[in-house]
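Count residues from 1 along the sequence.
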Amino acid sequence: MKKITLITMLTGALFVSACYVSMPEATDPAVQLENAQRYMDEGNPLAAERVIMESIRTSEVRNDPEGLGNAYRAFALFLRSPVLARRERTYRETGFLETSITYETRQSKSDEYVRRAIEQYTQAATRYQARGQYNRLATLYYRQAKTYQLINETKNACTAYEQSRSAYAESATRNQSDKPDIPSGFSSFHDAILSAKKRAGCS
């Protein structure tokens with residue numbers, strides 16, 4: 001009987017360890033979020049959650065509002081993911097690393113983190129505006145618009161898309177060497193904005 005119990009304990013320990021097997025440690029918040037997405041793609045939300053929390057802490061220490069906004073957004077999407085159902089029993093029994101969240105409240109908490117992300121993006125926008133970094137501002141507003149859409153705030157999303165378009169135009173006027181990140185599937189940032197506004201129903 002003792003042997004069976006020991007085998008069961010060892011098997012359980014190995015299972016938990018397998019869930020947390022990590023990729024090489026990264027200190028860049030963006031890379032940390034990329035690693036988290038890979039974990040989610042592999043069906044390993046426990047490891048993904050840990051890495052997202054690391055990205056949040058790193059961005060806080062660096063006083064990086066855009067990075068923090070990205071991490072909050074990633075966590076909001078994490079809480080909405082159907083992948084969590086694969087570890088439902090674990091989350092119901094032990095909860096999340098953010099102890100205020102339960103399996104039952106994860107959807108409402110996701111909306112809360114979306115709003116936190118938007119707040120951080122707004123802070124980052126103020127910083128980039130003051131520095132004249134219109135290339136980064138264009139990308140930031142585009143991402144903020146997409147984030148507004150996660151909570152169905154279409155009006156605010158359309159405003160952010162227009163701000164993104166204006167920042168892109170200003171960046172082009174100033175001939176800044178760094179260009180906004182072009183979203184996947186598009187040949188230009190301008191085309192990406194037009195397409196996004198059309199899909200959102202912006203006037």
Side-chain angles (χ1 to χ4, degrees), residues 28-34 36-37 40 45 48-49 51-82 84 96-102 105-171 180-184 186 189-190 192-203:
D28 185 321
V31 175
Q32 289 170 332
L33 294 182
E34 289 174 1
Q37 185 57 56
M40 292 299 284
E49 180 186 15
V51 177
I52 292 172
M53 290 296 109
E54 289 175 359
S55 182
I56 289 175
R57 287 192 293 271
T58 302
S59 295
E60 287 174 339
V61 170
R62 295 185 178 186
N63 187 27
D64 176 8
E66 182 178 6
L68 188 54
N70 291 339
Y72 283 157
R73 185 180 191 277
F75 191 55
L77 293 173
F78 165 84
L79 292 173
R80 298 181 180 200
S81 174
L84 297 188
F96 293 83
L97 295 178
E98 172 52 68
T99 57
S100 66
I101 303 173
T102 66
T105 64
R106 70 190 189 283
Q107 294 293 338
S108 61
K109 285 293 185 178
S110 173
D111 289 350
E112 179 182 315
Y113 273 87
V114 166
R115 296 188 185 283
R116 289 190 186 187
I118 291 169
E119 290 175 2
Q120 292 300 315
Y121 288 151
T122 299
Q123 289 185 32
T126 300
R127 182 178 295 182
Y128 296 155
Q129 182 83 40
R131 295 174 179 173
Q133 295 176 300
Y134 292 97
N135 50 342
R136 301 190 68 174
L137 196 59
T139 301
L140 179 71
Y141 279 135
Y142 185 91
R143 187 176 300 118
Q144 187 178 46
K146 290 289 186 182
T147 307
Y148 272 122
Q149 288 184 275
L150 293 176
I151 49 177
N152 299 315
E153 292 194 6
T154 304
K155 183 178 180 180
N156 287 330
C158 291
T159 297
Y161 280 131
E162 183 57 27
Q163 289 173 315
S164 178
R165 186 201 63 76
S166 296
Y168 173 69
E170 184 65 27
S171 175
D181 296 331
I182 300 175
S184 177
F186 296 94
F189 193 78
H190 178 72
I193 294 175
L194 290 180
S195 177
K197 290 180 70 174
K198 183 177 180 179
R199 289 198 305 272
C202 303
S203 57

Query raised in the report: Taking C-beta and beyond as the side chain, do Tyr72 and Glu119 meet within less than 4.5 Å on heavy atoms?
Result: no
**Report entry** Side-chain donor or acceptor of Thr122 paired with backbone N/O of Ile118 under 3.5 Å
**Finding:** yes
**Report entry** CD-CZ distance between Glu49 and Phe96, expressed to the nearest 0.5 angstrom
**Finding:** 6.5 Å
Query raised in the report: Quick one: does Tyr113's side chain get under 4.5 Å of Leu77's, heavy atoms only?
Result: no
Report summary line: Closest non-hydrogen atoms of Gln32 and Ser55, given as atom of the first, atom of the second and distance, are OE1-CA, 2.9 Å
**Report entry** Residue list, salt bridge (charged side-chain N to carboxylate O under 4.0 Å, His left out) with Lys146, at least two apart or on another chain
**Finding:** none
Query - Non-neighbouring partners of Asp111 that pass salt bridge (charged side-chain N to carboxylate O under 4.0 Å, His left out), sequence neighbours left out - result: Arg80
Query raised in the report: With sequence neighbours excluded, what pairs up with Tyr161 under the side-chain hydrogen bond (donor to acceptor under 3.5 Å, both in side chains) test?
Result: Gln149
Query raised in the report: Which atom names give the shortest non-hydrogen contact between Ser164 and Ala138, and what distance separates them?
Result: OG-O, 2.7 Å
Report summary line: Shortest non-hydrogen pair, Ala117 vs Thr147, comes out as CB-CG2, 4.3 Å
Requested in this report: Kindly write out the residues that satisfy side-chain hydrogen bond (donor to acceptor under 3.5 Å, both in side chains) with Glu162, not counting sequence neighbours, or none if the list is empty.
Outcome: Arg165, Lys197
Query raised in the report: Closest approach of Thr58 and Pro29, non-hydrogen atoms and distance?
Result: CG2-CG, 3.6 Å
Query - Carboxylate-amine/guanidinium contact Glu112 Lys109, below 4.0 Å - result: yes
Query raised in the report: How would you list, by chain and number, every residue that makes a side-chain hydrogen bond (donor to acceptor under 3.5 Å, both in side chains) with Asn156, sequence neighbours excluded?
Result: Glu153
Report summary line: Hits for ring pair (Phe, Tyr, Trp, His ring centres under 6.0 Å) against Tyr128, two or more places apart or cross-chain, chain-then-number order -> none
Query - Pairs where residues 62-79 contributes a residue and the test salt bridge (Lys or Arg N to Asp or Glu O under 4.0 Å) is met, not counting sequence neighbours - result: Glu66-Arg136, Glu66-Arg143
Query raised in the report: Which residues satisfy the ring pair (Phe, Tyr, Trp, His ring centres under 6.0 Å) test with Phe189, sequence neighbours excluded?
Result: Tyr142, Tyr168
Query - Atom pair CD1/CG of Ile101 and Leu79 - distance to nearest 0.5 Å - result: 5.0 Å
**Report entry** Side chain to side chain, Met53 and Phe75, heavy atoms closer than 4.5 Å
**Finding:** yes
Query raised in the report: Where is the tightest heavy-atom contact between Ala76 and Ser110, given as atom of each residue plus distance?
Result: O-OG, 2.7 Å
Query raised in the report: Taking only residues two or more places apart in sequence, or in another chain, which ones meet Ser195 in a side-chain contact (heavy atoms from CB on, under 4.5 Å)?
Result: Phe186, Arg199
Report summary line: Interatomic distance, CG@Leu137 vs CZ@Arg127, rounded to 0.5 Å, equals 13.0 Å
Query raised in the report: Do you know which two heavy atoms are closest between Ile52 and Ala71, and how far apart they sit?
Result: CG2-O, 3.8 Å
Query raised in the report: Quick one: CG on Leu140 to CD on Gln120, what's the gap to the nearest 0.5 Å?
Result: 11.0 Å
Query raised in the report: For the atom pair OG (Ser166) and OH (Tyr134), what is the distance rounded to the nearest 0.5 Å?
Result: 10.5 Å
Query raised in the report: Going by heavy atoms in the side chains, are Ile56 and Arg116 under 4.5 Å from each other?
Result: no
Report task. Using the test side-chain contact (heavy atoms from CB on, under 4.5 Å), find all partners of Thr159 that sit at least two apart in sequence or belong to another chain. Result -> Gln163
Query - Pairing residues for Ser59 by the side-chain hydrogen bond (donor to acceptor under 3.5 Å, both in side chains) criterion, not counting sequence neighbours - result: none
Query raised in the report: side-chain contact (heavy atoms from CB on, under 4.5 Å) with Thr102: which residues, sequence neighbours excluded?
Result: Glu104, Thr105
